[in-house]
2 protein chains.
Amino acid sequence: MRTWGPVGQAVALLLGPYAEVVLHDPDADRILAIWNPMGSRGPGDPSLLGELDALDPSARDVFGPYEKLLADGRRLSSVSAVLRDPDGKATAVLCVNLDRTPLEQAAAVLSAFGAPTTPRPEPLFEQDWNERVQHIVGAYVRECGRPVERLTRADRLAVLARLDEARVFAVRRAAPAVAGALRISRSTLYGLLAELRAPSAKDHTA
Amino acid sequence: MRTWGPVGQAVALLLGPYAEVVLHDPDADRILAIWNPMGSRGPGDPSLLGELDALDPSARDVFGPYEKLLADGRRLSSVSAVLRDPDGKATAVLCVNLDRTPLEQAAAVLSAFGAPTTPRPEPLFEQDWNERVQHIVGAYVRECGRPVERLTRADRLAVLARLDEARVFAVRRAAPAVAGALRISRSTLYGLLAELRAPSAKDHTA
DNA sequence: TCCAGAATGGACATATAGTCCACGGCGTGG
DNA sequence: CCACGCCGTGGACTATATGTCCATTCTGGA
């Protein structure tokens with residue numbers, strides 16, 4: 001905290017009011033300090049970092065930028081860095097979360113100028129929805145720091161929720177591809193999906 | 001030309017170098033005047049307006065904004081207006097084409113700031129691909145100024161080409177929906193599609 | 001009026017989407 | 001150590017969607 005605190009503060013000041021900077025304690029899995037908090041998190045709260053491989057000196061030390069979603073729909077660009085003392089021991093994890101909403105609003109203003117009634121008829125669907133699946137899965141894997149093979153049942157459920165929300169399964173041949181990416185069988189896929197959609201009757205307006 | 005010319009010039013001056021303003025003669029189907037031309041068109045060249053219903057006093061007089069694509073890939077926002085004399089006779093058609101490229105570049109700069117490695121994991125696919133189909137069809141209809149029912153075979157072929165290029169048919173249930181939007185039967189749809197993909201072996205990397 | 005090309009509905013064949021179930025691994029607690 | 005429950009798996013099976021084909025009807029032009 002004494003060594004890394006100024007770093008966090010400096011980044012927070014530089015990036016202005018739209019960047020949240022968090023210093024985590026990887027051992028206690030708690031928040032050490034936080035600047036410009038976006039939620040209600042404060043020092044001492046659990047980090048929810050997952051494992052992040054922070055303890056493995058051979059692992060990568062910088063993650064992202066990847067994307068996070070806040071409950072209110074704001075999109076964040078996030079980067080994380082593992083901070084080590086001279087011995088190589090991870091003493092802290094620094095996370096910077098930049099709220100992209102204002103930037104996107106500005107971009108939208110520009111795009112809307114003289115815009116056709118609907119913005120982009122051309123690039124249309126993700127041509128490469130397969131890679132998109134890989135990306136969603138990959139993002140989750142990075143978030144919890146475990147390779148695909150070691151994902152828990154709950155993890156896979158969460159990934160499937162994202163994919164389903166993204167209407168990935170409205171694309172032909174998506175189910176087998178997703179099952180492959182998730183290293184589970186097609187049966188299991190459908191099982192998890194059913195479990196996911198069972199409790200609350202989903203809007204199936206695909 | 002004498003009455004409407006100043007209007008065109010004024011609009012051209014207001015919108016700066018990125019807006020092309022064209023005055024058409026709907027009877028001769030020729031260009032009367034053009035400011036800030038984007039292509040090599042000049043006065044006297046054919047208008048290529050299609051019918052545009054300019055001669056029908058009961059039809060709408062303002063079209064767009066809709067989207068046009070230039071050969072070099074630039075995207076334009078276009079509006080058209082039928083200009084009439086006091087008797088209601090259409091004496092001219094005014095078209096304004098705004099090059100959206102610079103605006104979009106600026107928007108891209110903003111969006112790229114702090115962007116995740118891949119830009120938009122969230123909104124993902126067009127949730128409402130059905131409306132998207134309607135839009136592509138609608139855009140084409142506006143372009144040639146004929147309602148869906150009066151499209152020629154070639155027109156439908158062209159629309160299908162756009163839809164196919166946009167990988168619309170990689171979405172489940174798309175074929176019946178498109179057939180409906182185009183007011184043709186599913187059989188005809190597949191017939192036209194086959195005709196479309198037959199000559200050149202398409203890249204089927206969906 | 002007749003003809004050619006095109007559209008149509010429906011029969012059909014195939015592929016894909018989902019469901020279901022019996023089996024086998026695996027950790028847990030008795 | 002074994003029995004039990006949980007979960008993943010493959011495979012059979014059904015339902016639905018996709019794509020093909022054809023006889024018929026429609027339409028515009030000679």
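Quick caveat: nothing in here was measured; it's all calculated off a predicted structure. These values consider heavy atoms only, across backbone and side chains, with no hydrogens, waters or symmetry-generated copies. Throughout, protein chains are lettered first and strands after them, A, B, ... in sequence-line order, and every chain is numbered starting at 1.
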* To do: Quick one: list whatever passes side chain to side chain donor-acceptor pair (under 3.5 Å) with Arg186(A), sequence neighbours left out.
  => none
* Tell me, please, which residues at least two apart from Asn36(A) pass side chain to side chain donor-acceptor pair (under 3.5 Å). => none
* Structure fact -> Taken in chain and number order and not counting sequence neighbours, the residues that satisfy side chain to side chain contact (heavy atoms under 4.5 Å, CB included) with Ser187(A) are Ser185(A)
* Who pairs with Asp85(A) by side chain to side chain contact (heavy atoms under 4.5 Å, CB included), at least two apart in sequence or on another chain? -> Asp87(A), Lys89(A), Thr91(A)
* Asked: Given that Leu192(A) and Phe169(B) both sit by DNA chain D, which one's nearest nucleotide is further toward the 5' end?
  -> Leu192(A)
* Qualifying residues under side chain to side chain contact (heavy atoms under 4.5 Å, CB included), relative to Arg156(A), sequence neighbours excluded -> Leu151(A), Leu182(A), Ile184(A), Leu192(A)
* Just to confirm, is there a sub-4.0 Å distance from OP1 or OP2 of dT16(C) to any side-chain nitrogen or oxygen of Arg172(A)? -> no
* Which residues share a side chain to side chain contact (heavy atoms under 4.5 Å, CB included) with Ala177(B), sequence neighbours left out -> Trp129(B), Asn130(B)
* Asked: When the distance from CG of Leu160(A) to P of dG8(D) is rounded to whole Å, what number comes out?
  -> 11 Å
* Using atom CG of Asp164(A) as one end and atom P of dG18(C) as the other, report the distance to the nearest whole Å. => 10 Å
* To do: Strictly below 4.0 Å, heavy-atom distances to any atom of DNA chain C: list the hits from residues 148-156 of chain A, or just say none.
  => none
* Taking only residues two or more places apart in sequence, or in another chain, which ones meet Arg173(A) in a salt bridge (Lys or Arg N to Asp or Glu O under 4.0 Å)? -> none
* How would you list, by chain and number, every residue that makes a salt bridge (Lys or Arg N to Asp or Glu O under 4.0 Å) with Arg150(A), sequence neighbours excluded? -> none
* Asked: Atom CZ of Arg197(B) and atom P of dT18(D): how far apart are they, to the nearest Å?
  -> 13 Å
Pairs: protein N or O with nucleotides 28-30 of chain D N or O, under 3.5 Å:
none

* Asked: Quick one, which residues of residues 176-191 of chain B touch DNA chain D with a heavy atom under 4.0 Å?
  -> Pro176(B), Arg186(B), Ser187(B), Tyr190(B)
* Structure fact -> Rounded to whole Å, the CZ-C1' distance (Arg173(A) to dT14(C)) equals 12 Å
